[in-house]
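Within every chain, numbering begins at 1; the chains are lettered A, B, ... in the order of the sequence lines, protein sequences first and strands thereafter.
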Amino acid sequence: MNLLSDTSIENNYENEGRLTLFVEVILPLAISKNYTYRIPYELNIEVKVGKRVVVQFGKNKVYTALIYKIGTRAPELYEAKYILSILDNEPITTENQLHSWEWMASYYMCSIGEIMNAALPSALKLASETRITLNREAEFDKSLLTDKEFLVVDALDIKAELTLNDIIKLLGQKTVMPIIKSLSEKRIIMVIEELQQGYKPRIESFVSLNPTYFDQDRLRDLFQVLERAPKQVDLLMTYLRLSKLKKEVSKKGLLEESASSPAVFNALVEKEIFSLEKKEVSRFKTDEIEIIRNFELSAAQQDALETIQAGFTENRPVLLQGVTSSGKTQLYIRLIEACIQQGKQSLYLLPEIALTAQMIERLKAYFGDKIGIYHSKFNDNERAEVWKKVLKGEYRIVLGARSSIFLPFTDLGLIIVDEEHENSYKQYDPAPRYNARDIALYLSKLHTASIVLGSATPSLESYFNVKSGRYRLASLQERYGGVKLPEIVITDLAQERKQRSMKSHFSGMLFRAMEQALERKEQIILFQNRRGYAPMLVCSTCAYTPKCVQCDISLTYHKHDHKLHCHYCGYKQTIFHLCPACGGTQIEQKGFGTEKIEDELAILLPNARITRMDLDTTRTKFGYQQIINDFEDRKIDILVGTQMVTKGLDFENVSLIGILNADAMLNFPDFRAFERSFQLMTQVSGRAGRRSDRGKVIIQTYQPQHKIIDWVKHNDIQSLYKSELAERSSFHYPPYFRLIQLDIKHKEIEKLNAAADMLGRELKQQLGNRVLGPEFPLVNRIRNLYIKTLLIKIEKENISLSRVKQVISESIAHFYRESEYKTTIIKIDVDPY
DNA sequence: AGCACGCCGACT
DNA sequence: GTCGGCGTGCTC
């Protein structure tokens with residue numbers, strides 16, 4: 001297809017007058033190709049790449065599509081349909097965005113339409129919805145209708161309009177089209193296909209004074225004339241006062257301030273003293289917050305800042321490894337300031353959970369209304385508004401969660417990815433299954449922007465990139481403001497048992513420390529990475545263990561509802577008191593979870609206020625926030641929790657952390673689990689003594705010599721990375737990447753296994769020993785489907801990602817044709833290290 | 001993603 | 001015999 005630049009289109013248009021243009025558009029669907037539409041002549045001059053158009057696609061569906069390419073040659077194999085309209089005056093996407101979409105589609109093996117779907121705020125996408133109404137003019141005999149048709153007509157008598165979904169619910173069946181079709185043919189109903197406009201700008205009326213009265217004398221005259229209308233004089237005075245304070249006076253603000261009625265206001269408009277103007281306004285408050293710019297960087301921070309800047313000049317991404325409370329945010333603020341001074345935009349990415357009101361306020365205080373916030377809690381209109389402001393360059397900084405990598409930056413100069421290791425940067429479902437951190441790295445190249453990845457516990461792949469010289473490392477190993485790092489001690493549970501100093505699941509050391517902390521009115525966090533009461537039940541007569549019927553995983557006993565839960569699929573069954581296998585009465589509980597700890601603490605420390613924080617106590621809408629608030633307000637002395645307590649919370653008064661069972665975290669099925677243990681223990685340790693010099697972490701273990709505990713003590717990711725443990729863990733640390741989640745669904749487990757094995761063999765044959773087949777199958781049962789996840793590891797040095805993807809696509813295609821099993825591959829996920 | 005079309009088991 | 005389930009293919 002002939003590509004034309006914008007100017008040449010106009011030239012051709014002028015020269016020939018009747019040039020036909022064709023546009024290739026991106027449809028918001030999971031279709032691998034783009035489709036070509038024809039432009040009506042009168043719209044020729046408006047056509048531009050990046051504008052949205054409305055097109056009909058398929059028989060009666062209307063979609064918003066995006067102009068991707070413009071050409072002049074008519075497609076040969078088919079007749080192109082006309083576009084119905086152009087929605088935008090200016091493109092809503094940038095060239096760089098379209099580049100990155102293209103790259104993402106190929107990298108994550110999905111369609112560009114799926115990328116667009118994820119990228120555009122839904123207010124910018126209009127989808128047509130089929131609505132059904134009764135044709136009032138039609139005359140028909142109700143007795144001639146089938147039962148189902150009658151039901152639909154009846155429902156339409158009551159409710160004027162129904163959607164397809166309404167009818168599906170009404171009839172209780174999935175295939176409703178034949179019924180609708182038949183009714184429509186009989187002209188009894190009408191089927192309406194209509195686009196629903198999403199984004200509505202907020203409009204406010206602004207008042208201005210007729211310029212005649214800018215003249216002082218005329219203004220004085222005006223007051224004379226109005227002498228007999230005191231209310232109007234009053235309103236006019238208020239206006240004059242407000243107009244000195246603000247650039248623009250809104251009608252709403254003026255009426256509120258003057259306590260005048262709209263009638264008085266209208267009178268002044270009638271007399272042409274006031275004029276009204278409607279303007280689009282922002283939904284976001286732009287209250288001027290006091291700007292605090294003065295803070296001093298510590299020597300360590302200054303050092304790190306210089307290292308980061310050196311990395312920038314070398315055009316290398318920088319990994320900033322800084323212990324918790326080391327003041328990374330202050331460094332980021334300095335970097336953003338420098339970026340603004342160069343007149344460029346900055347993007348500050350945070351995982352969703354770390355996007356707290358506190359964080360947002362803090363940055364707003366520095367950057368005022370130059371900063372835009374973008375995350376999933378925003379509604380559609382707000383998102384669309386941020387989008388437009390970023391495009392226009394009104395926002396110089398964006399603070400946002402993973403989806404903000406899709407915003408239309410025009411001149412990006414800096415990207416910060418905070419908590420780089422966080423799993424929540426990865427989108428797992430639906431496609432595109434992207435990792436915002438990796439996209440950020442790609443964007444930094446595309447925009448030639450600087451990028452910093454920050455974390456207290458970097459991911460091993462990022463650390464590998466430091467070791468291999470791709471990234472530059474900057475580190476901050478001391479806390480800001482001279483606060484000491486916590487003291488980390490290990491207590492040997494075998495020893496304590498021998499000396500009989502244990503108090504239920506607490507070592508003497510931990511228990512004494514807890515008593516002391518409570519005496520000093522300091523708070524305690526106890527970390528136990530297992531929820532429920534007991535993770536396993538065993539019959540002491542026959543060794544029977546209850547397992548999930550679906551997942552083959554031992555069931556956890558939950559005391560609060562006296563049920564056995566499967567933590568994998570959510571299956572529940574009631575507790576039994578006699579062994580279902582042998583009828584034995586002695587049933588033993590193995591291990592312990594947060595529920596049991598909470599129970600025992602209540603007995604051992606009856607005066608302490610104890611709260612548990614895990615999935616079970618935070619399931620309600622505000623449960624999580626409630627617990628956090630109570631803990632902050634010191635209404636809780638001891639917080640017992642699972643990994644939830646490790647994340648981004650900043651409690652001032654916590655002086656003691658207990659890791660109750662480190663051993664549960666020391667067996668590594670693969671290197672991700674291994675990395676995770678290190679991260680979780682390091683993160684929870686970092687919560688101790690953040691604002692005071694008194695911070696202590698006690699790690700309980702039967703394996704005090706275990707290396708990972710030692711590394712946690714020294715925040716030593718380097719040893720972790722180099723260790724023979726990593727070497728031995730069944731998944732190797734980088735330089736490898738893997739393709740994960742090649743999911744196959746089938747209803748029969750044997751066929752599924754056979755299919756997965758076959759695919760694994762095929763891949764191995766083609767790619768050699770560098771491929772790890774379905775050795776680590778993750779079999780899950782979701783409703784009545786079995787899903788199998790193939791984990792595939794490929795050595796990066798020897799084989800390119802594109803080759804891997806090619807072989808996988810080919811194998812799947814081949815496998816599909818040859819297979820006697822009817823198997824569907826439902827998703828493919830790329831997770832490069 | 002929708003939607004049409006075609007094939008096949010289980011109901012009046 | 002048809003109704004409604006599901007697999008397959010197409011949409012500019």
**Item:** Check: Y37(A) ring centre within less than 6.0 Å of F22(A) ring centre
**Value:** no
**Asked** Is any N or O donor-acceptor pair between the side chain of Y78(A) and the base of dC12(C) shorter than 3.5 Å?
**Response** yes
**Message:** Is there a side-chain contact between K59(A) and the phosphate of dC3(B), meaning an N or O under 4.0 Å from OP1 or OP2?
**Reply:** no
**Request:** Would you mind reading off the distance between L66(A) atom CG and dC12(C) atom C1', rounded to a whole angstrom?
**Result:** 16 Å
**Message:** Looking only at the side chains, is there a donor atom on one of R38(A) and Y82(A) sitting less than 3.5 Å from an acceptor on the other?
**Reply:** yes
**Prompt:** Atom CZ of R38(A) to atom C1' of dT11(C): distance rounded to whole Å?
**Reply:** 19 Å
**Complete:** Whole-Å distance, E76(A) CD to dC12(C) C1', equals 14 Å
**Message:** I need the CD1-P distance between I31(A) and dC12(C), as an integer number of Å.
**Reply:** 9 Å
**Asked** Taking the side chain of Y63(A) as its heavy atoms from C-beta onward, which of dG2(B), dC12(C), dA1(B) lies nearest to it?
**Response** dG2(B)
**Request:** Using only heavy-atom distances, determine whether the side chains of Y428(A) and N423(A) contain a donor-acceptor pair under 3.5 Å.
**Result:** yes
**Asked** Atom CG of L27(A) to atom C1' of dT11(C): distance rounded to whole Å?
**Response** 9 Å
**Prompt:** Within the pair Y37(A) and dC12(C), is there a side-chain N or O less than 4.0 Å away from OP1 or OP2?
**Reply:** yes
**Message:** If I take atom CD1 in residue I67(A) and atom C1' in nucleotide dC12(C), what distance separates them, rounded to the nearest angstrom?
**Reply:** 14 Å
**Complete:** Sorted by chain and number, sequence neighbours left out, side chain to side chain contact (heavy atoms under 4.5 Å, CB included) with S100(A) holds for Y442(A), L443(A), L446(A)
**Asked** How many Å lie between NZ on K69(A) and P on dC12(C), as a whole number?
**Response** 20 Å
**Message:** Distance check needed: dA4(B) P versus K61(A) NZ, whole Å only.
**Reply:** 11 Å
